[in-house]
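Values below: every heavy atom of this structure, side chains too, minus hydrogens, waters and symmetry copies. Please read these numbers as outputs of a predicted model, since none were measured by experiment. Order of the sequence lines fixes the chain letters, A, B, ..., with proteins taken first and strands second; residue numbering starts at 1 for each chain.
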Number of protein chains: 2
Amino acid sequence: MADETRPTRAPTAEDVARLAGVHRSAVSRTFTPGASVAPQTREKVLEAAATLGYRVNFLARSLSHQRSNLVGLVVSDIDNPFRAQLLAELGTSLVASGYRPLLLPTERGGKVARHIDMMLHYNVAGAIVTDDASPAEIARQCADHGVPLVLINKRPVSDTVLNVSMDTETAGELAAHALFDAGCRRVALASQRRSSHSIGLRRSAFWRACERLGIEIADEYFGDLPNYEGGRAAADAFLADTIDVDGVYCANDYLALGFIDTIRHLSALSIPGDLKLVACDDIPEAGWLAYDLTTVRQDPVRTADAAVNGLLARISEPDTTALPVVVDVHLVKRGSTALTPPKPRGQARPPL
Amino acid sequence: MADETRPTRAPTAEDVARLAGVHRSAVSRTFTPGASVAPQTREKVLEAAATLGYRVNFLARSLSHQRSNLVGLVVSDIDNPFRAQLLAELGTSLVASGYRPLLLPTERGGKVARHIDMMLHYNVAGAIVTDDASPAEIARQCADHGVPLVLINKRPVSDTVLNVSMDTETAGELAAHALFDAGCRRVALASQRRSSHSIGLRRSAFWRACERLGIEIADEYFGDLPNYEGGRAAADAFLADTIDVDGVYCANDYLALGFIDTIRHLSALSIPGDLKLVACDDIPEAGWLAYDLTTVRQDPVRTADAAVNGLLARISEPDTTALPVVVDVHLVKRGSTALTPPKPRGQARPPL
DNA sequence: TTGAAAGCGCTAACAT
DNA sequence: ATGTTAGCGCTTTCAA
């Protein structure tokens with residue numbers, strides 16, 4: 001009768017109670033952290049549970065609690081190594097804190113509305129958003145439903161949602177200084193065409209810093225997206241131009257990789273010989289031999305930690321105003337801004 | 001009284017029923033795909049639901065159904081671009097199919113047991129595992145609890161769990177042929193030290209193919225992990241050796257990037273001049289100008305689709321035996337195996 | 001087609 | 001400290 005192939009229904013608290021000779025509530029209490037159970041009752045329950053392979057049904061528990069320990073993780077552009085690292089960190093960190101990440105990947109142009117909908121279906125305890133899409137709506141909806149929300153590197157929407165972002169202002173300054181120290185006085189910018197909050201901030205901060213330092217910004221070049229292809233496109237535009245610059249700031253590393261490759265492989269320019277380069281993020285690739293890119297580091301581990309801790313805080317005290325968290329950045333100096341002996345021709349940018 | 005700041009409790013089916021002037025079950029039926037509701041009742045319910053912002057509580061629904069539409073996604077090494085792509089695809093594909101991915105990232109050396117535990121707590125509808133850790137235990141446990149399981153590129157464990165894997169045999173052949181066609185007759189292998197099912201298959205298949213073609217395998221070099229650093233370590237070992245080879249097969253692209261960088265930047269050897277290189281996966285980086293790596297493509301989209309479709313099939317018919325799915329591979333020819341004019345010195349591998 | 005009622009597995013307030 | 005009981009929000013037989 002008891003066929004091994006037919007997996008029997010999962011054991012319930014009732015089953016355990018029966019076997020242990022106690023009441024269901026005793027079982028419940030045994031598995032509830034702050035409950036009072038007699039040590040020996042607890043023992044009996046634990047043993048029975050073990051032999052039966054009992055596990056608390058979190059769905060039922062969440063139903064009682066009116067809130068699950070699921071956390072919505074809205075992410076886009078996982079192909080960007082920084083995002084991938086961040087996602088991994090957020091995931092492990094959440095799991096370590098007893099929460100379960102519900103992964104909600106956003107395709108480009110995908111409806112974020114679907115995701116909030118989803119999360120609300122699941123009574124998520126909170127949500128973390130690092131998507132590039134505009135979070136205004138998602139934030140409002142979450143607020144309406146009392147779902148604590150954390151935005152990473154996004155435009156702040158209200159003082160009820162926590163904003164965790166890198167120190168863009170300092171990042172811009174560090175980048176400008178790095179170029180200045182490398183001798184640059186006339187630079188270009190490379191970024192994405194589609195406007196983005198965080199990229200926008202990086203650009204303007206860099207711009208201001210250059211002004212202060214007396215660095216002239218000659219022009220700006222764009223790719224469609226802030227990725228490798230975007231960097232290549234920006235570099236193509238750059239090379240097609242005839243302006244004379246001695247440095248370039250790329251809005252992020254991922255894009256910088258494409259920029260570098262195009263410059264190195266499809267032009268006669270040398271980095272850092274003819275052109276210094278600085279970017280932002282410090283993805284692992286920036287440290288690779290093929291790139292050796294000076295960049296402003298934004299630590300994904302600390303960012304993720306700040307986001308998760310912040311979320312936990314908001315979950316336990318949802319009614320406090322959320323003070324924005326700014327994650328420090330620092331310059332990682334590499335070969336792309338190395339000082340080089342003056343070129344024989346003595347020209348910053350030789351004709352192609 | 002009705003303060004906007006205090007988000008009111010989410011509306012329930014009861015609330016909707018009251019507003020629509022019907023019974024709760026009518027509401028339930030309205031939101032149950034195959035139920036029978038009078039068109040106008042349905043209309044009333046839908047309207048009431050809309051004004052109240054009602055959403056079915058999936059936790060409660062799952063409790064009734066005895067199974068949620070959560071799917072465990074056990075992933076490790078998200079830093080590997082192939083894994084990142086796969087994860088993104090799996091996520092979007094699951095969401096598109098009406099399932100919700102529960103992200104369970106495995107740290108290196110992390111206990112997978114924790115994850116199965118978690119999934120069982122949530123009555124997941126199924127699970128997809130692309131983790132590198134041994135899945136034997138996880139598979140057994142899932143089977144015990146009737147949780148459909150799909151393994152991607154892992155060692156098969158039983159005919160109740162579906163195995164989706166790339167065609168390693170063909171991959172080995174394609175790689176060997178690519179090297180052969182590029183003129184290689186004596187090659188080396190680069191992979192990871194820690195044994196891994198999929199890497200192991202790639203190696204042995206390549207080995208056999210070389211034997212058939214009359215390519216001699218001179219030696220094998222290892223890095224600790226199948227990543228960039230692993231590739232660098234393997235290349236270091238390779239360079240420290242004095243064997244004379246004309247080609248190298250890297251067990252995966254990610255590792256190959258490190259291998260290439262070390263060869264290109266820390267040795268006098270040229271690729272493909274002195275050394276042809278072939279790897280496996282076809283991550284985006286392989287096509288970058290800095291690498292231009294000939295590789296055997298394993299399409300993450302098709303792999304993910306196969307896994308998700310397979311999972312759905314097993315969810316609907318859990319008692320059929322799972323026929324392994326093999327995902328086709330093909331060669332992507334790039335510069336690392338380009339034929340080059342004979343070197344002036346006429347020597348395959350010049351001394352450093 | 002619709003209302004009534006039982007039950008999914010668990011928690012928590014209450015009573016003992 | 002433990003048993004009792006009333007829900008949590010939904011689905012689903014069963015009658016009507």
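- Sequence neighbours left out, not one pair with a member in residues 157-166 of chain A passes salt bridge (Lys or Arg N to Asp or Glu O under 4.0 Å).
- Counting non-hydrogen atoms under 4.0 angstrom, B:Arg67 reaches nothing in the nucleic acid.
- Across the interface with DNA chain C, nearest-nucleotide mapping of B:Arg42 and B:Leu63 shows B:Arg42 to be the residue nearer the 5′ end.
- Scored by the side-chain hydrogen bond (donor to acceptor under 3.5 Å, both in side chains) test, B:His23 finds B:Ser25 as partners (sequence neighbours excluded).
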Got a list of side-chain donor-acceptor pairs under 3.5 Å for residues 301-316 of chain B, not counting sequence neighbours?
| residue | atom | partner | partner atom | Å |
| --- | --- | --- | --- | --- |
| B:Thr303 | OG1 | B:Asp299 | O | 2.8 |
| B:Asn309 | ND2 | B:Asp305 | O | 3.2 |
| B:Arg314 | NE | B:Thr160 | O | 3.0 |
| B:Arg314 | NH1 | B:Thr320 | O | 3.1 |
| B:Arg314 | NH2 | B:Thr160 | O | 3.1 |
| B:Arg314 | NH2 | B:Pro318 | O | 3.1 |
| B:Arg314 | NH2 | B:Thr320 | O | 2.8 |
| B:Ser316 | OG | B:Leu312 | O | 3.2 |
| B:Ser316 | OG | B:Ala313 | O | 3.0 |

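- Of the side-chain N and O atoms in A:Gln66, one or more sit less than 4.0 angstrom from OP1 or OP2 of D:dG9.
- With values rounded to the nearest 0.5 angstrom, B:Leu87 atom CG is found 10.5 Å from B:Ser76 atom OG.
- A:Glu14 has its CD atom 13 Å from the P atom of D:dT5, to the nearest Å.
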Determine which bases of DNA chain D form Watson-Crick or G-U wobble pairs with both distances under 3.5 Å, and write the result as a 5' to 3' dot-bracket string with | for other-strand partners.
||||||||||||||||
I'd like a list of close polar pairs between nucleotides 13-16 of chain D and the protein, N/O only, cut-off under 3.5 Å.
none

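- Rounding to the nearest 0.5 angstrom, the gap separating the CZ atom in B:Arg100 from the CG atom in B:Leu70 is 9.0 Å.
- Taking B:Gln298 as the reference, B:Arg202 meet the side-chain hydrogen bond (donor to acceptor under 3.5 Å, both in side chains) condition, with sequence neighbours excluded.
- Read 5' to 3', the first and last nucleotides of DNA chain C with an atom closer than 4.0 Å to a heavy atom of chain B are C:dT1 to C:dG9.
- We find the NE2-OG distance between A:His121 and A:Ser68 to be 13.5 Å, quoted to the nearest 0.5 Å.
- For the pair B:Arg18 CZ and D:dG9 C1', the interatomic distance rounds to 13 Å; values are reported in whole Å.
- For B:Ser64, whose side chain is taken as the heavy atoms from C-beta onward, the closest listed nucleotide among D:dG7, D:dT2, D:dG9 is D:dG9.
- Distance A:Arg61 CZ to D:dG7 C1': 17 Å, rounded to the nearest Å.
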With a cut-off of 3.5 Å and sequence neighbours excluded, list every side-chain donor-acceptor pair involving residues 47-59 of chain B.
| residue | atom | partner | partner atom | Å |
| --- | --- | --- | --- | --- |
| B:Thr51 | OG1 | B:Ala48 | O | 2.9 |
| B:Arg55 | NE | A:Asp117 | OD1 | 2.9 |
| B:Arg55 | NH2 | A:Asp117 | OD1 | 3.0 |
| B:Asn57 | OD1 | B:Leu59 | N | 2.8 |
| B:Asn57 | OD1 | B:Ala60 | N | 3.2 |

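- For the side chain to side chain contact (heavy atoms under 4.5 Å, CB included) test, residues two or more places apart in sequence or in another chain that qualify with B:Gln66 are A:Arg9.
- The residue among B:Val27 and A:Arg24 whose nearest nucleotide of DNA chain D is located toward the 5' end is A:Arg24.
- The CG-P distance, from B:Leu59 to D:dT11, rounds to 12 Å in whole Å.
- Each salt bridge (Lys or Arg N to Asp or Glu O under 4.0 Å) pair with one or both residues in residues 83-98 of chain B, not counting sequence neighbours, appears once here: B:Asp77-B:Arg83, B:Arg83-B:Asp132.
- Closest contact between the side chain of B:Ser28 and the listed nucleotides D:dT12, D:dT2, D:dC8 involves D:dT12.
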For a quick test of your reading: what N or O donor-acceptor pairs under 3.5 Å do the side chains of residues 27-37 of chain B make, sequence neighbours left out?
| residue | atom | partner | partner atom | Å |
| --- | --- | --- | --- | --- |
| B:Thr30 | OG1 | B:Ala26 | O | 2.7 |
| B:Thr32 | OG1 | B:Ser28 | O | 2.8 |

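- Nearest to the side chain of B:Asn57, among D:dG3, D:dC10, D:dT2, sits D:dC10.
- Judged as a side-chain hydrogen bond (donor to acceptor under 3.5 Å, both in side chains), and not counting sequence neighbours, B:Thr92 has no contacts.
- Look at NZ on A:Lys44: it is 15 Å from P on D:dA1, rounded to the nearest Å.
- Within 4.0 Å of B:Thr41, counting heavy atoms only, lie sugar-phosphate atoms of the nucleic acid but no base atom.
- Contacts of B:Thr12 with the nucleic acid, taken as non-hydrogen atoms under 4.0 Å apart, involve only primed sugar atoms and P, OP1 or OP2.
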